[in-house]
Every structure is written in C-alpha cells, then in structure tokens.
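Proteins get letters first, then strands, A, B, ... in listed order; numbering begins at 1 in each. Just so it is clear, the values below take in all heavy atoms, side chains as well, and ignore hydrogens, waters and symmetry mates. It should be emphasised that the depicted structure is a prediction, and the values quoted were computed from it without experimental measurement.
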Number of protein chains: 2
Amino acid sequence: MKTTEEVIQRFRQAGFKITPQRRAIFEVLAGNENHPSVEAMYQEIKIKMPDISLATLYNTLNELNALGLIDIVRDTSQKAVRYDPNTEPHDHLYCLQCNRMIDIENMDKDLELPEERSQGFHILRQQVTYYGYCPDCQKILEE
Amino acid sequence: MKTTEEVIQRFRQAGFKITPQRRAIFEVLAGNENHPSVEAMYQEIKIKMPDISLATLYNTLNELNALGLIDIVRDTSQKAVRYDPNTEPHDHLYCLQCNRMIDIENMDKDLELPEERSQGFHILRQQVTYYGYCPDCQKILEE
DNA sequence: CTCTTTGCAAACTGTTTGCAATGCC
DNA sequence: GGCATTGCAAACAGTTTGCAAAGAG
C-alpha cells in the first residue's frame, strides 16, 4: 500500500472524512506484508486505541477495498478474509502448514495463454501461487 | 473426480458406510466442472432426495475432502466455499463478473522458482489463476 | 451547524455440533 | 444387533446493518 499520507489523500478526495480510527487503520496497513486477517488487525489497533469497534474496522476495510487501495486474499483452509495492501500484480508463496503467505515479484510474461486454451476469456491479469512449506514449518515437520 | 463407483470404493475402504444420501452426493460431484458451492449442490440433490439435510451434505463434503477426493477452492468475492472434484494439478480461468471458474490444463514447464526467489520454501506445486471476463460477460459488458 | 462516522447490539450467512431416532452391514 | 449415520435445531464464526450519540470540517 501507499504511505498513510497517500491513503488519506485518496480517502479525502473520495469524500470520506479522516477520523482517528481511520488513521489508525491506515497505519496498521501501511507496509504490512503479513496479509492480516481482520481479527489480527483488530488486536493490533486495540493496543493504541482500545475503544475502537470491530464494525468500524470492517467498514473502513470495505471502503479501502472499494477504492482499490487494498485487495482481498483468501486461502482454502481458513474462512476469514485476509487483506493485501500490495495492490500491484504479484505472485504468492503459500505455506500449507501455517498459512503464511509471502508476496513475490510477478513472474513476468511468457505465461501468455495460447488462444486455444483461453476459451474466449478476455484475460486481464494472472497470478501464480506456489504451495509448499515455509522454512520454519519444514523444521517442525522434520522432527 | 473419479467415477461414483471409485469413490464408493475409497469410502468403504476408509471405513465409511454407503448410504443413499452419500451416494446422491457422489453422483452430483462426479464429473461436475462447475466448482459448485454447497448451496448449489444442495438444491440439485434435493430434487431427487427432498428430505436430505444440509448437515449431511456438509459432513460428507468434509469427509471427501479429508480423503483427498475433492479440493476446496475459494474466490475473493464470495464467502462460501466451492469444491473442485478435479484433484489433479490444473490451472484456472476465473471470470471477475460472474465468478465462473474453468479448469484448464496445468501450464507445465519452467515455472520453477529460482532458488533466490523461493525464500527457502519447499514448493510442492503451483497453480496459475487467470483473471478476466468470460465470453458471456464480455457481451453483457459491451452493451 | 450539518452531515458523516462511531460504537453498540442485533441480525445475517455459512458452517459445525449435539443428540435422539434411524438404518447399513 | 451394534455402531455409524441421519435430520433437526441449536451453536458458532465472520461479517453486516440500524440507530442514537459523538465528532469532523
């Protein structure tokens, strides 16, 4: 995600007001690479702002998503949504054990789908997900 | 997924009993390429077996998944789980408008991640998802 | 001062669970 | 007949919504 200041700009520009709650949410997201769940963000924000409501967090995340400032990512094993502040095209490493998700640079081109495989779809972008075990979980599994 | 008979084999072999309910569920799944949601399957099954319970469907799907006979697929925009009876590695075409999901053959070759990009992960498999608009939705969007 | 936003609680949706009754093998 | 499985209803988790009170611009 852009810096907190850039997000504030875009938010104001879209007609939203800047409240301390929203500012705190932006700050948790800025530069966050953990693909956090709502609950994880809630716990983090509550440290600085104990009275913030979960509903406010949900509402703000939906607004950010609508403005294209964060993306939703889901994984198969967990039902809760996770958010990705990195909205540039990129690929993912996914740990099947701990559900950790790591951004990696988009493996560029030559994935172009040949006409006969794309079934008439108009493709806008593609994403590769690599499934496996992260270094930490490999250690645990070896024991 | 394998044929209904093969699934019944594996199920029995795992110590489960074969009931008419389970048989009906296997039949809906066999050869299904729509990545159906639980609700979609429920509606379909109820035509032939109106008294079947949703809980039974959920339980059976979980058992099938545990045996590796169906996979879970999720998409960002919908919260309900969808199931994929095709458990072979394959890629997906995904329509951003109608959420249709189409299996395509795994793009084999050189997706191998160079050591320095894989961050120590032990990669087991990869999946490419192509996001875009399906032929039907392209027409609708053009109007 | 106005109109948005907040926090709370209640409502909702998708899924799981406990249990008495039923039915497979 | 014995034990797994069913259907039902209640419980749950994640998310959304309605509304009165508080607050940004």
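- With distances taken from any side-chain atom of B:Thr19 to the nucleotides D:dA24, D:dT5, C:dG14, the minimum falls on D:dT5.
- Interface residues of residues 39-52 of chain B facing DNA chain D, ordered by number: B:Asp51, B:Ile52; criterion, heavy-atom separation under 4.0 Å.
- Of the candidate nucleotides C:dG14, D:dG25, D:dT6, D:dG25 has the atom lying nearest to any side-chain atom of A:Arg12.
- At whole-Å resolution of the value, CG in A:Leu64 and C1' in C:dT5 are 15 Å apart.
- Of the residues in residues 54-61 of chain A, those placing a heavy atom less than 4.0 Å from an atom of DNA chain D are A:Ala55, A:Tyr58, A:Asn59, in numerical order.
- B:Arg23 comes within 4.0 angstrom of no nucleic acid atom, judged by non-hydrogen atoms across all strands.
- Each of A:Thr56, A:Leu54, A:Ile25 was evaluated against A:Tyr42; a single residue qualifies, A:Leu54, per the side-chain contact (heavy atoms from CB on, under 4.5 Å) test.
- The neighbour count for A:Gln9 CD, taken as heavy atoms of other residues, nucleotides or ligands under 6.0 Å away, does not exceed 12.
- Regarding A:Tyr83, its OH atom lies at a distance of 13 Å from the P atom of D:dG14, rounded to whole Å.
- Separating the NZ atom of A:Lys17 from the C1' atom of D:dA24 is a distance of 5 Å, rounded to the nearest angstrom.
- The shortest side-chain heavy-atom distance between B:Glu63 and B:Phe11 falls under the 4.5 Å cut-off.
- A:Arg82 has a carboxylate O that lies under 4.0 Å from a charged side-chain N of A:Asp75, or vice versa, which qualifies the two as a salt bridge.
- Remark on the helix from C:dC1-D:dG25 to C:dC25-D:dG1: inter-end axis angle 40°, axes from five-pair C1' superpositions, rounded to 10°.
- Residue A:Phe16 contributes atom CZ, which lies 17 Å from atom C1' of D:dG23 at whole-angstrom precision.
- Taken to the nearest 0.5 Å, the CD1 atom of B:Ile8 stands 14.5 Å off from the NZ atom of B:Lys2.
- Rounded to an integer number of Å, the gap from CG of A:Asn62 to P of C:dT6 is 13 Å.
- Whole-Å rounding puts the B:Ile18 CD1 to D:dT5 P distance at 9 Å.
- Under the 3.5 Å distance criterion, with hydrogens and angles disregarded, no donor-acceptor pair is assigned to the side chains of B:Glu142 and B:Gln138.
- For the side-chain hydrogen bond (donor to acceptor under 3.5 Å, both in side chains) with B:His35, the lone residue among B:Asp103, B:Asn99, B:Asp71 that qualifies is B:Asp103.
- Across A:Ala14 and A:Leu67, no two heavy atoms sit closer than the pair CB-CD2, 3.8 Å.
- Ring pair A:Tyr94/B:Phe121: centre-to-centre distance not below 6.0 Å.
- For the pair A:Phe11 CZ and D:dG25 P, the interatomic distance rounds to 12 Å; values are reported in whole Å.
- Ion pairing between B:Asp51 and B:Lys46 fails under the 4.0 Å rule for side-chain N and carboxylate O.
- Atom P of nucleotide C:dT4 and atom CD of A:Gln21 are separated by 17 Å, given to the nearest angstrom.
- Backbone-only contact: B:Lys79 has heavy atoms under 4.0 Å from sugar-phosphate atoms and none from a base.
- Interatomic distance, B:Ile102 CD1 to B:Asn34 CG, rounded to the nearest 0.5 Å: 9.0 Å.
- The CG atom of B:Asn65 sits 4.5 Å away from the CD1 atom of B:Ile72 when rounded to the nearest 0.5 Å.
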